[in-house]
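Encoded as structure tokens, the structure appears first; notes follow it.
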Amino acid sequence: MSKFEALTGNAAVSNAMRQINPDVVAAYPITPQTDTVQTFSEFVADGLVDTEFVTVESEHSAMSACVGASAAGARVMTATSANGLALMWEIIYIAASNRCPIVMSLVNRALSAPINIHCDHSDVMGMRDSGWIILMSENGQEAYDNIIQAIRIGEHPDVLLPVAVCQDGFITSHSLERVELFEDGEVQDFVGTHEPQWPLLDVEDPKTYGPLDFYDYYYEHKRQQVEAMEKAHGVIREVTQEFNDRFGREYGLFEAYRMDDAEVAVIAANSTAGTAKTAVDNLRNQGLKAGLLKLRVFRPFPGQELAEALRGVSAVAVMDRAISFGSMDNAGPLFSEVVSALTLNDVHVPIADYVYGLGGRDIRPGEIENVYQEAFQMAENGKVERRVRYLGVRE
Amino acid sequence: MTEMKGWKEIPIGGMILDAGNSEEYNTGDWRAFRPVSGEADCTNCMLCWLNCPDSSILVDAENEEMTGFDLKHCKGCGICAAVCPVNAGVIRRAEGEVEKDDPRLCIRMVEEGKFQEVGNE
């Protein structure tokens, strides 16, 4: 029997880590770290896990230790946030390129400067081209569920890529909510044991990770990473289906909320999707056909599926909690992805971007209802007044 | 040149699954200077063997003799010539400067480009 507890999003993830019982957790123990790792360290101290817990002097070292442990053959997890992720940068790419299926809890918070510890998505959007699989979570429950699935996705022999599981800093990471924890045994049964194909610790069969790789073979290894991402599409579907069947969930690549007869759609990720659902319900009560697409899988980006889900709506608004400075119209990164997906799949519909909530600024249902109202106007006029708006910024 | 393999035919992530294959890598082909035995007699002190970073000093272990250089792997760094005590003696006794390819030395470092003519000396 599963049980329900009042947990923060961070503690929900710590509990998933306890149940997964990874061989190694390497993490930086000081801010910008969240209490995910602090709670997990208590589980280690209490002897509830067998994990080798490595506290290191920086996030660069944390990810380096994770790469080493993963190459050695261990099941490895870590957690970070914001500037901590930024300091991991070099090794983020190396983890993906060395094909280390590390699972990382990433609490999305703003990057400095100016110094800010609150929620936005600038941290994760920077790692979008690094070769990691990236899952987004509306709340602590989804973060817990995604972390468990991430182990299976990353370690699948056709994939072998690291996975980042995101949730919104403070909004869900530090807020108490009702979380369903599955039985330890059920989680362990679902994740199974890690069977590394090429463990460095197999001294009878020595091998080399991360050698010099020039113009003669580097390109081929990058092509292999593309293949792994392609395969990840199917593997994510399979693992998600199995998880849904076992634990009574309805996850997909994204969630289509009241989309069946929707005239306009908003696309959002993480906690804002929850707020947007309230906005959708309010508008539906007024007889307006609003719908929401909540992104769950950001990498590999489910462009074709997303385009199909949006085929038939008369206007689309994208909610971006980050800016891609200097991109076309200084839009958010999600906007560029969605526009490409729609265009390449011949879905031609008025679309606008709404940058919002930077540095933890609140986003309220009323503001999202306004976004919907503007989307209805776009639908009516058949054209876009302004392609990118910065919602809630003081002029 | 060996045939180049496609991305489906090689281990993922740049992994090398066969141990000990660095021997197959011909690091000697980027050498600018070549170690050549000169006129001064080697005393088989083995200091060159001890100091060579590429394990490129060939020895006859049974007779404890230095027998030559592994030119497939020698990168021509010249450490062997620099640590050679016989070279030091030659330099100390000589009047004036001793070039590093001086024929009187025990281990001479000869420019690869000049080696053809020196080899014919």
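Nearest approach of A/Leu160 to B/Ile12, heavy atoms of both residues: CD1-CD1, 3.7 Å. In terms of heavy atoms, B/Met15 sits closest to A/Asn98 at CE-O, 4.4 Å. Annotation for B/Lys5 and A/Glu220: closest pair O-CG, 4.1 Å, computed over non-hydrogen atoms. Between A/His221 and B/Ile10, the closest heavy-atom pair is NE2-CD1, 3.5 Å.
Environment of CD in B/Glu23: sparse, with no more than 12 heavy atoms of neighbouring residues, nucleotides or ligands closer than 6.0 Å. No more than 12 heavy-atom neighbours from other residues, nucleotides or ligands sit within 6.0 angstrom of CH2 on B/Trp49. More than 12 heavy atoms of other residues, nucleotides or ligands shown are found within 6.0 angstrom of CD on A/Glu305. In B/Glu97, the CD atom is not crowded: 12 or fewer heavy atoms of neighbouring residues, nucleotides or ligands sit closer than 6.0 Å. Within a 6.0 Å sphere centred on CD of B/Glu64, other residues, nucleotides and ligands contribute 12 heavy atoms or fewer.
For chain B, no part of A/Gln197 is nearby; none of its heavy atoms comes within less than 4.5 Å.
Counting only heavy atoms from C-beta outward, the side chains of B/Trp7 and A/Lys222 never approach each other to under 4.5 Å.
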